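We name chains A, B, ... by the order of the sequence lines, and we start the count at 1 in each one. Bear in mind that the values here come from a model prediction, so they are computed numbers and not experimental data.
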Amino acid sequence: AQSVTQLDSHVSVSEGTPVLLRCNYSSSYSPSLFWYVQHPNKGLQLLLKYTSAATLVKGINGFEAEFKKSETSFHLTKPSAHMSDAAEYFCVVSESGGSYIPTFGRGTSLIVHP
Amino acid sequence: DSGVTQTPKHLITATGQRVTLRCSPRSGDLSVYWYQQSLDQGLQFLIHYYNGEERAKGNILERFSAQQFPDLHSELNLSSLELGDSALYFCASSSTSGIAATQYFGPGTRLLVL
């Protein structure tokens, strides 16, 4: 069985400061992990994904995430927040064994202050 | 713009009624996924079709059904609607059906059941 926990429902940062959105997962098989972003009144957009290649994954808009198997984590980071980063972020896990069903975290709302 | 279209954008109906939500995937994509997003449940995977065949089923109620047509568009039918079915329904598409497939989300259909 698979599950995903986003450790913070809200994260507030100032523009220009680093961003850290935390995600822990549980999976019985080799997982694929994703981060999606949802801007207000929009659909979700893929930021990046991990599929058992390099553990440090670079995505769009300066975001990156590191897959840490020992810690079962896949935290999302960005060195410097921009106002346009304010959105809802979802961590998603999908595992290779059994039927493919993605499990979404509850989301983290990123607030960026000027 | 992801290239995935959903109609209608908004739908208001009464309890007990039946509605049909439509999704057109990106050109060339064979996979279509349906999701429900609500404040209570977050983002829930409903069902996945690949080239007309059902591939995976998630938390989809018996009152809900879906299909993918030969031209690859998909419809989600919701019947005997209840107040709790009010939610945002997303469709996503991908070129493959694997667990690492990048999904492209449509803008969603907002359903309000009164």
Side-chain angles (χ1 to χ4, degrees), chain A residues 1-10 23 25 27-54 57-60 65 67 74 87-109, chain B residues 1-7 9-10 21 23-26 29-50 53-60 66 87-110 112:
Chain A
Q2 62 191 27
S3 67
V4 60
T5 302
Q6 292 185 241
L7 298 164
D8 307 291
S9 58
H10 296 85
C23 172
Y25 71 91
S27 175
S28 304
Y29 303 92
S30 300
S32 286
L33 292 155
F34 308 77
W35 276 100
Y36 283 86
V37 61
Q38 183 180 27
H39 290 277
N41 300 312
K42 300 278 190 184
L44 280 73
Q45 180 186 19
L46 179 71
L47 279 178
L48 49 81
K49 66 180 178 183
Y50 166 77
T51 58
S52 76
V57 182
K58 293 190 185 298
I60 62 171
F67 173 72
F74 190 58
E88 192 82 13
Y89 291 79
F90 294 92
C91 182
V92 184
V93 64
S94 178
E95 59 187 12
S96 57
S99 61
Y100 158 71
I101 294 179
T103 300
F104 283 72
R106 292 304 303 263
T108 298
S109 177
Chain B
D1 183 2
S2 66
V4 177
T5 60
Q6 291 187 248
T7 56
K9 291 185 85 169
H10 302 276
L21 313 184
C23 169
S24 293
R26 292 188 323 152
D29 282 358
L30 299 178
S31 274
V32 170
Y33 312 80
W34 285 99
Y35 296 89
Q36 180 193 59
Q37 185 177 34
S38 65
L39 287 174
D40 309 348
Q41 304 288 331
L43 251 168
Q44 299 276 317
F45 168 79
L46 294 178
I47 199 163
H48 169 212
Y49 279 87
Y50 179 78
E53 291 187 8
E54 181 186 304
R55 281 296 179 94
K57 220 170 197 178
N59 297 321
I60 187 165
L88 197 49
Y89 291 85
F90 286 109
C91 159
S93 75
S94 68
S95 56
T96 67
S97 64
I99 67 162
T102 295
Q103 296 185 30
Y104 296 87
F105 282 75
T109 293
R110 188 172 294 278
L112 180 59

Within a reach of under 6.0 Å around CZ of B:Arg26, are more than 12 heavy atoms found that belong to other residues, nucleotides or ligands?
->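 Atom CZ in B:Arg26 is crowded, with more than 12 foreign heavy atoms closer than 6.0 Å.
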Heavy-atom cut-off 4.5 Å, strictly under: side chain, backbone, both or neither for [X] against chain B?
| X | value |
| --- | --- |
| A:Gln45 | neither |
| A:Lys49 | side chain |
| A:Tyr50 | neither |

Does any heavy atom of chain A fall under 4.5 Å from the side chain of B:Gln41, the backbone, both, or neither of them?
->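 Contact with chain A: backbone only.
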Residue list, side-chain contact (heavy atoms from CB on, under 4.5 Å) with B:Leu46, at least two apart or on another chain =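 Per chain and number, B:Leu46 pairs via side-chain contact (heavy atoms from CB on, under 4.5 Å) with B:Trp34, B:Gln36, B:Ile60, B:Leu76, B:Tyr89.
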How close do [X] and [Y] get, heavy atom to heavy atom, and via which atoms?
| X | Y | result |
| --- | --- | --- |
| B:Leu39 | A:Arg106 | O-NH2, 3.0 Å |
| A:Leu44 | B:Phe105 | O-CB, 3.2 Å |
| B:Gln103 | A:Tyr36 | N-OH, 3.4 Å |
| A:Phe34 | B:Ala101 | CE2-O, 3.9 Å |
| A:Gln38 | B:Phe90 | NE2-CZ, 3.2 Å |

Supply the atom-to-atom distance A:Leu48 CG to B:Thr102 OG1, rounded to the nearest 0.5 angstrom.
->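 Between A:Leu48 CG and B:Thr102 OG1, I get 10.5 Å after rounding to 0.5 Å.
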So how far is it from B:Arg110 CZ to A:Asn41 CG, rounded to the nearest 0.5 Å?
->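 Interatomic distance, B:Arg110 CZ to A:Asn41 CG, rounded to 0.5 Å: 6.5 Å.
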Among all residues two or more places apart in sequence or in another chain, which pass the side chain to side chain donor-acceptor pair (under 3.5 Å) test with B:Thr109?
->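 B:Thr109 satisfies side chain to side chain donor-acceptor pair (under 3.5 Å) with no residue once adjacent residues are dropped.
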Less than 4.5 Å apart, any side-chain heavy atom of A:Pro102 and any of B:Tyr35?
->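 Touching, per the 4.5 Å side-chain cut-off.
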